[in-house]
Amino acid sequence: MTNKLHLLCLLILSCSILSAQTWEQVSSLPEDFRTHHSFGFSLDGMGYLVTGGSNDGPRDDFYQYDPSADTWTQLTDFPGPARGYAIGDVYEGKAYLGFGSSADAYLGDLWVYDNTTDEWTQLADCTCDGRNHPAFVAHQGKIFMGMGNNGGGNQNDWWMYDIQTDTWEERAGFPGLPVHHPYMFAIGDYVYAGFGHGNGFISDEWYRYDPVADEWTQVASIPDEGRVAGTQFSHNGKGYALSGDNEDHSSFETGQFWEYDGEMDTWTELTPHPSTSRWSPASFVIDNEVYLINGMTLVVDEWLYVDEVYKYAFEETPQTLTVQLKTFLEGTYDPASGEMTTYLQDDNLIPIEQPFNTAPWDYAGTEAVGSTADIWEDVVDWALVEMRSFDNPDSIVAQKAGFLLKDGRIVEANNTVDGLSFDLFTNETYYAVVRVRGHLSIMTESPLTVPSAAYYDFSTDQWQAKSDGVTPQLADMSDSGVFGMKAGDIDGEGTITVTDLNLYIAASSAVLQYNDSDINKDKNVTVADFNWYLPNTSAIAIEEVRY
């Protein structure tokens with residue numbers, strides 16, 4: 001940052017005071033990429049910054065940030081028109097970007113970025129007018145966009161893009177006055193939007209949009225000045241408004257950081273970021289830390305680009321929440337009854353302590369019941385469930401063992417909860433992994449929002465488990481369209497190979513035992529188990545669940 005901005009920072013004492021709190025400076029971008037209105041996002045533990053306005057005009061630059069190395073790397077330029085005033089959001093592991101303006105036009109296009117292939121793909125243009133800095137929120141398979149401004153002035157229309165069908169449709173318009181550069185985010189079932197710059201005013205009004213009912217409701221205004229041109233995000237079930245300009249369209253004297261609770265309809269001020277507020281910065285969240293990047297600030301009647309990048313660590317406040325999962329096992333499913341067999345429980349062979357404390361699981365949980373009499377008659381076997389980070393599906397955030405019932409539900413071993421309880425963040429999204437002895441482990445195809453309103457049922461579709469998109473991870477078990485975990489993974493490693501065959505041979509003829517080689521869980525290791533193993537030979541689980 002310039003010497004003028006450092007001087008201002010010292011005069012208001014904010015840098016020296018706040019740096020001792022929870023904001024921490026990290027590496028800046030290269031000097032030739034000082035921007036406003038860039039789009040920041042994170043995928044798989046990496047941060048990204050793309051496009052933006054600058055002294056050199058609209059940009060198409062694209063950078064990746066590695067938090068472990070604290071370094072920025074320039075990637076291949078964004079392939080669409082260079083632009084400023086664009087907007088975007090992330091949904092199910094992909095980033096969506098659009099709108100803004102090029103050197104000679106307002107844009108209404110839409111692009112998606114897949115970091116696994118490092119490719120941008122253009123999607124359907126909005127059938128609306130192109131515009132600068134609208135609201136833009138990806139939520140529940142849709143993208144909601146509206147407001148902003150263009151040659152026709154400020155707007156208050158509202159549009160919905162369907163990610164699956166690649167189509168746009170107009171929805172009920174924003175009920176406030178037309179504004180550009182509002183704030184916006186999604187929490188739970190709702191989209192929230194408001195503030196922004198109208199004709200002669202900067203708003204403090206805040207609204208909730210119900211996508212199902214297509215209705216708007218005005219909710220609590222921020223208990224401070226109206227604001228415009230900041231950055232925003234949702235995290236752990238709360239929404240956040242970060243930085244921006246005040247009602248005079250100049251910098252706040254201190255950095256601005258506010259948290260919104262949708263359930264309580266309340267705003268809470270958090271620790272301001274260092275120095276004055278910024279006009280049109282970018283942000284992204286990685287591993288419970290938000291990063292504030294670029295933007296401009298007003299210093300002695302001159303707008304200056306900001307080069308310092310800061311991060312803020314959120315306090316961890318998980319809640320005990322219920323996750324509901326349902327799956328069938330290929331080796332135990334009975335098409336005639338539509339349920340699984342319970343032979344192990346019928347002879348009291350299911351252990352009273354969770355059995356995943358050995359390799360390859362090495363799970364140290366203490367889930368147990370007092371005696372075999374405490375295991376009710378509907379139990380098929382133990383199951384191990386892992387909750388995985390939405391941003392990084394390789395990262396396990398919680399684990400628990402419970403009982404798999406004959407109807408496919410996985411429940412607490414003490415039978416007190418219809419599902420499994422984990423310490424997770426309310427309204428946050430996670431992937432779930434299910435592991436059961438003798439069967440290939442599976443992961444949910446789509447993330448779950450907790451607490452879950454209904455069971456995620458793997459059995460309803462062959463693609464309900466995440467796959468490579470070519471080979472389904474679930475077995476087709478009957479003519480009635482019921483699907484289940486593939487039988488034969490005796491060693492639990494995530495592949496069905498000769499190693500599993502050798503374990504079967506070593507345990508062959510075992511009777512009345514709780515044995516990993518007993519694939520069909522009828523308490524005996526016989527040729528019936530081999531017959532389940534054989535057709536699945538060479539089957540392999542997705543990389544995220546293999547050991």
Side-chain angles (χ1 to χ4, degrees), residues 1-2 4-15 17-18 21 23 34-38 40 52-53 84-85 87 132-135 147-149 154 174 176-185 192-207 218-233 239-260 266-283 290 292-308 310 312:
M1 197 183 294
T2 67
K4 289 182 180 179
L5 192 54
H6 280 142
L7 176 60
L8 179 62
C9 187
L10 290 172
L11 288 174
I12 63 177
L13 299 177
S14 65
C15 279
I17 294 172
L18 295 175
Q21 299 181 35
W23 286 94
R34 298 290 179 264
T35 59
H36 59 82
H37 290 93
S38 290
Y85 306 97
I87 192 72
N132 280 339
H133 37 56
M147 295 172 272
N149 70 344
N154 293 315
F174 177 69
L177 293 173
V179 294
H180 64 267
H181 210 145
Y183 291 68
M184 76 298 294
F185 44 69
Y192 294 83
F195 311 151
H197 192 182
N199 292 330
F201 69 93
I202 289 178
S203 175
D204 66 353
E205 293 182 352
W206 193 240
Y207 293 86
Q218 187 169 0
V219 291
S221 298
I222 193 167
D224 195 68
E225 290 187 50
R227 59 203 59 222
V228 62
T231 183
Q232 63 282 304
F233 57 94
Y240 296 88
L242 176 59
S243 210
D245 277 7
N246 61 25
E247 289 180 351
D248 296 325
H249 215 321
S250 62
S251 300
F252 286 94
E253 290 185 355
T254 61
Q256 293 287 297
F257 194 20
W258 289 80
E259 176 186 84
Y260 178 72
T266 55
W267 290 92
T268 302
E269 188 171 14
L270 303 181
T271 304
H273 65 77
S275 190
T276 60
S277 66
R278 305 184 187 191
W279 176 75
S280 305
S283 63
V290 60
L292 177 65
I293 310 133
N294 282 8
M296 302 183 76
T297 193
L298 184 64
V299 179
V300 193
D301 299 323
E302 181 181 3
W303 284 98
L304 301 174
Y305 285 97
V306 183
D307 57 8
E308 281 95 345
Y310 291 96
Y312 173 93

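Quick note: numbers below take in every heavy atom, side chains included, and nothing from hydrogens, waters or symmetry partners. Being a predicted model, the structure only gives us computed values, none of them experimental.
Of the possible polar contacts, one joining the S243 side chain to the R278 backbone as a donor-acceptor pair under 3.5 Å is found. Proximity of a side-chain donor or acceptor of S251 to a complementary backbone N or O of L298 within less than 3.5 Å is detected. A donor-acceptor contact shorter than 3.5 Å is absent between the side chain of D248 and the backbone of S250.
Between Q256 and the options R227, E225, H273, a side chain to side chain donor-acceptor pair (under 3.5 Å) holds for only R227.
Between H36 and Y85, the gap from one ring centroid to the other is short of 6.0 Å. For an aromatic pair to be called close, the ring centres must be under 6.0 Å apart, and W267 with Y183 fails this.
L292 contributes atom CG, which lies 10.0 Å from atom OG of S277 (distance to the nearest 0.5 angstrom). One finds the CG atom of D224 at 4.5 Å from the CH2 atom of W258 (value rounded to the nearest 0.5 Å). Taking CG of L242 as the reference point, atom CD of Q232 lies at 9.0 Å (rounded to 0.5 Å). Taken from OG1 in T231 to OH in Y240, the straight-line distance is 14.0 Å, to the nearest 0.5 Å. Here the straight-line distance linking atom CD of E247 with atom CG of D204 works out to 6.5 Å at 0.5 Å rounding. Here the straight-line distance linking atom CD1 of I202 with atom NE2 of H181 works out to 11.0 Å at 0.5 Å rounding.
Using cut-offs of 30° and 60° for the angle between ring planes, the Y192 and W206 rings count as parallel. Note: H197 and H180 have tilted aromatic rings, judged against thresholds of 30 and 60 degrees for the angle between ring planes.
Between S283 and V290, the closest heavy-atom pair is CB-CG2, 4.3 Å. Summarising the geometry of W23 relative to T271, their closest heavy-atom pair is NE1-O, 2.9 Å, with the distance given to 0.1 Å. Listed here is the closest heavy atom pair of H37 and S280: CE1-OG, 2.7 Å. Closest approach of G255 and P272 over heavy atoms only: O-CB, 2.5 Å. Residues A229 and P281 share a closest heavy-atom pair of O-CD, 3.8 Å. Across G40 and A282, no two heavy atoms sit closer than the pair N-CB, 4.0 Å.
Of the N and O atoms on the side chains of E308 and Y310, not one donor lies less than 3.5 Å from an acceptor on the other residue.
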Might you work through the side chain to side chain contact (heavy atoms under 4.5 Å, CB included) test for N149 and N132, ending with a clear yes or no? CA-CA 5 Å; N149 70 344; N132 280 339; 3.4 Å; yes
